[in-house]
Amino acid sequence: MEQSQKNYLEKNQERFLEELMALLRIPSVSTKTEHKRDMDVCAQRIREFLLNSGCDHAQVISTEGHPVVYGEKILSDDRAIVLVYGHYDVQPADEPEQWQSALFSPVIRDGKIFTRGAADDKCQFHMHLKALEVMLQTGGLKHNVKFLIEGEEEIGSPSLRNFLKEHGDLLRADLVLISDNEMMGMETPSLEAGFRGASVLAVEVTDPVRDLHSGTYGGGVANPILILSKMLASLHDENNHVTIPGFYDRVRVFSAEERKMLANVPFNEEEFKRGLGIRETWGEAGYTPLERTLI
């Protein structure tokens, strides 16, 4: 980071924090209908922040569900485009009585912000908004930048697919930067180059037409719970490899050079297990828990 950027950050740090706190105070809970108005308010606030950060254009776009916020800073048509993705919706709190402070009244303790959305995902995309401002104000921006901030990530982004189809030209980009990632630690900024996908399946195991007494039928009729348990257990072999045919067909194995680079990433397996309250981790083909997380 150049000195001019550091100076700008230090000069505007208090304002940046105030903006973020204002964003965190909005209870943008996408799963609850009573927060529909809050979702709209949050989207409009983000639009304002995009414009204040230097975007030439920003708008709130309606979807079948919660709105999407779009913004852009186009320097010239011949420059590459970076599309920043984030989401402004947050999860509800099932046990609010366990919180040390009110859910949407952010407080700072030991240098950390505590409130819903602080870790997922308002702080992250706000950081990219402020990065745009800093680079614009100090002459450091080299590429065109677009922002796509949605409001349904916590409920599976049901409206995003159609939005992408309808606005493909608007979202055209050379690189997508997702501001919803993990970090190796507080002092270790991380840039992840890829993500694993996820598949959701519904499996139905049909049981007998009526309750069966185990004393009479236990040896002759299989319990559906046991059958389902065997099905789940069969998804991995004794070496913890996934047994689903074709599962690994498109998985690229780490090269020796890549594994060497990964070995230089600060990672302590004992701290990893202690932080999760576990004794053992799954080993597979010589991979460390860090490598398995990145596969």
Side-chain angles (χ1 to χ4, degrees), residues 1-28 39 41-60 67-75 79-90 104-151 153 171 173-192:
M1 182 181 296
E2 298 180 359
Q3 188 61 45
S4 60
Q5 294 175 333
K6 290 183 179 179
N7 293 340
Y8 189 88
L9 280 171
E10 292 175 358
K11 181 180 178 180
N12 294 277
Q13 181 177 359
E14 184 174 347
R15 174 172 63 86
F16 288 177
L17 181 59
E18 290 176 355
E19 291 180 3
L20 176 59
M21 290 300 204
L23 196 62
L24 291 170
R25 292 188 186 100
I26 303 174
S28 49
M39 298 295 293
V41 169
C42 192
Q44 290 293 341
R45 181 64 61 87
I46 294 168
R47 174 184 174 275
E48 296 172 5
F49 284 170
L50 284 167
L51 293 172
N52 293 339
S53 296
C55 285
D56 300 317
H57 169 73
Q59 66 183 117
V60 175
V68 166
V69 190
Y70 172 81
E72 63 181 26
K73 177 64 181 180
I74 304 299
L75 299 177
R79 300 198 186 195
I81 302 173
V82 177
L83 173 63
V84 178
Y85 165 88
H87 65 93
Y88 63 89
D89 62 322
V90 302
F104 295 99
S105 298
V107 296
I108 298 177
R109 295 195 299 269
D110 300 324
K112 302 180 181 66
I113 300 176
F114 289 84
T115 192
R116 260 293 183 254
D120 185 14
D121 176 48
K122 293 180 179 178
C123 284
Q124 286 90 326
F125 75 72
H126 184 265
M127 173 189 68
H128 285 106
L129 264 64
K130 296 299 101 179
L132 172 67
E133 178 180 333
V134 171
M135 288 188 289
L136 283 173
Q137 294 298 324
T138 59
L141 187 64
K142 306 298 183 183
H143 307 293
N144 300 320
V145 181
K146 296 180 178 180
F147 290 89
L148 169 63
I149 314 297
E150 66 150 321
E153 193 273 348
L171 302 173
D174 299 285
L175 174 71
V176 177
L177 180 61
I178 300 176
S179 58
D180 190 14
N181 309 343
E182 296 287 341
M183 290 177 59
M184 294 302 301
M186 291 293 294
E187 306 299 327
T188 310
S190 308
L191 182 62
E192 300 170 358

Quiz prompt | Electrostatic pair E10:K6 at N-O distance under 4.0 angstrom | solution = no

Quiz prompt | NE2-CZ distance between H126 and F16, expressed to the nearest 0.5 angstrom | solution = 7.5 Å

Practice problem: Please round to the nearest 0.5 Å and tell me the distance separating atom CG of L129 and atom CD of E19. | Solution: 8.5 Å

Exercise. Mind listing the closest non-hydrogen atom pair of R116 and L24 along with its distance?
Key: O-CD2, 4.0 Å

Practice problem: Supply the atom-to-atom distance L23 CG to C123 SG, rounded to the nearest 0.5 angstrom. | Solution: 8.5 Å

Quiz item: Between CG of L148 and CG of L177, what distance do you get to the nearest 0.5 Å?
Solution: 12.0 Å

Quiz item: Between C55 and L132, what is the shortest heavy-atom contact and its length?
Solution: SG-CD2, 3.8 Å

Quiz prompt | Side-chain (D174) to main-chain (I81) donor-acceptor, under 3.5 angstrom | solution = yes

Practice problem: Would you check, one step at a time, whether the test side-chain contact (heavy atoms from CB on, under 4.5 Å) holds for H87 with D120? | Solution: CA-CA 8 Å; H87 65 93; D120 185 14; 2.9 Å; yes

Please list every donor-acceptor pair under 3.5 Å in which a side-chain atom of residues 42-50 meets a protein atom from a residue at least two apart or in another chain.
residue, atom, partner, partner atom, Å
R47, NE, A58, O, 3.1

Quiz item: Given side chains that start at C-beta, do those of F147 and F125 come closer than 4.5 Å, heavy atoms only?
Solution: no

Quiz item: For Y70, what residues pass the side chain to side chain donor-acceptor pair (under 3.5 Å) criterion, not counting sequence neighbours?
Solution: E72

Exercise. Could you list the residues that satisfy side chain to side chain donor-acceptor pair (under 3.5 Å) with H57, not counting sequence neighbours?
Key: Q59

Quiz item: side-chain contact (heavy atoms from CB on, under 4.5 Å) between D89 and M39: does it pass, once the steps are laid out?
Solution: CA-CA 7 Å; D89 62 322; M39 298 295 293; 3.7 Å; yes

Self-check item: Over all atoms of both residues, closest heavy-atom pair of Q124 and S179
Solution: CB-O, 3.0 Å

Quiz item: Do you know the tightest heavy-atom contact between S53 and L136?
Solution: O-CD1, 3.7 Å

Self-check item: Pair K130 + E133: basic N to acidic O under 4.0 Å
Solution: yes

Quiz item: Going through the checks in order, is the side-chain contact (heavy atoms from CB on, under 4.5 Å) test met by L17 and I113?
Solution: CA-CA 10 Å; L17 181 59; I113 300 176; 4.0 Å; yes

Quiz item: Hey, are the side chains of L141 and K73 touching, using non-hydrogen atoms and a 4.5 Å cut-off?
Solution: yes

Practice problem: Check whether any side-chain heavy atom of P67 sits under 4.5 Å from a side-chain heavy atom of Y88, and report yes or no. | Solution: yes

Quiz prompt | E14 CD: over 12 foreign heavy atoms closer than 6.0 Å | solution = no

Practice problem: Ignoring hydrogens and angles, tell me if any N or O in the side chain of N144 forms a donor-acceptor pair with the backbone of L75 under 3.5 Å. | Solution: yes

Self-check item: E153/D180 under side-chain contact (heavy atoms from CB on, under 4.5 Å): CA gap, chis, key distance, verdict
Solution: CA-CA 10 Å; E153 193 273 348; D180 190 14; 3.7 Å; yes

